[in-house]
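Structure first, then comments.
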Amino acid sequence: MFARLQNLSDENYKDFLIKYNENQSNWLNTRLTVLSIVFGLLGLIVPICFMKLYQDKKDEIDKLIEKTEKQKQEMEKIIEDTKKAKTKNAITGNGSKQQV
């Protein structure tokens with residue numbers, strides 16, 4: 001009788017261990033799956049965020065370049081107008097003004 005009880009308890013313990021290991025492996029698989037999905041999404045989201053940041057900075061730099069080009073054109077026009085004014089009002093050797 002004792003041997004039969006020992007055999008039953010051994011079987012129950014084996015069943016318990018099998019179910020416990022299955023539960024633990026299911027728990028671990030679930031956590032690893034969730035982590036894989038999270039890291040996979042991060043792998044997609046992070047480059048998109050950097051691309052957006054890069055595009056924003058590129059647009060900002062393009063606006064600055066455009067503004068600088070406009071200022072350069074304005075300065076060139078001012079310089080040209082100044083040269084024309086100097087040429088128009090050139091002073092000759094005797095101090096009189098000469099139009100060219």
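Both backbone and side-chain heavy atoms feed into the values below; hydrogens, waters and symmetry mates do not. Note that the structure is a prediction, hence the values are computed from the model and not measured.
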Trp27 with Leu32, same ILVMFWY side-chain cluster at under 4.5 Å: yes
Residues forming a side-chain hydrogen bond (donor to acceptor under 3.5 Å, both in side chains) with Glu69, sequence neighbours excluded: none
CG on Leu44 to CZ on Phe39, rounded to 0.5 Å: 14.0 Å
Interatomic distance, Ile18 atom CD1 to Tyr13 atom OH [nearest 0.5 angstrom]: 11.5 Å
Leu42-Val34 co-clustered via ILVMFWY side chain contacts under 4.5 Å: yes
Pair Gln55, Asp59: side-chain N/O donor-acceptor within cut-off below 3.5 Å: yes
Thr68 and Lys72, any side-chain heavy atoms less than 4.5 Å apart: no
Verdict with supporting geometry, Lys52 and Asp56, salt bridge (Lys or Arg N to Asp or Glu O under 4.0 Å): CA-CA 6 Å; Lys52 175 68 175 144; Asp56 290 346; 3.1 Å; yes
SB check Lys70 Glu74 (cutoff 4.0 Å): no
Inter-residue atom distance Lys77.NZ - Thr82.OG1, 0.5 Å rounding: 10.5 Å
Matching residue for Glu80 among Lys84, Glu76, Lys83 - test: side-chain contact (heavy atoms from CB on, under 4.5 Å): Lys84
Separation of Ile78 CD1 from Gln71 CD (nearest 0.5 Å): 10.5 Å
Co-members of Leu64 in a cluster of I, L, V, M, F, W and Y side chains, linked at under 4.5 Å: none
pair Lys57-Glu60: side-chain heavy atoms closer than 4.5 Å: yes
Electrostatic pair Asp62-Lys58, nearest N-O below 4.0 angstrom: yes
Thr33 side, atom OG1; Asn26 side, atom CG - distance, nearest 0.5 Å: 10.0 Å
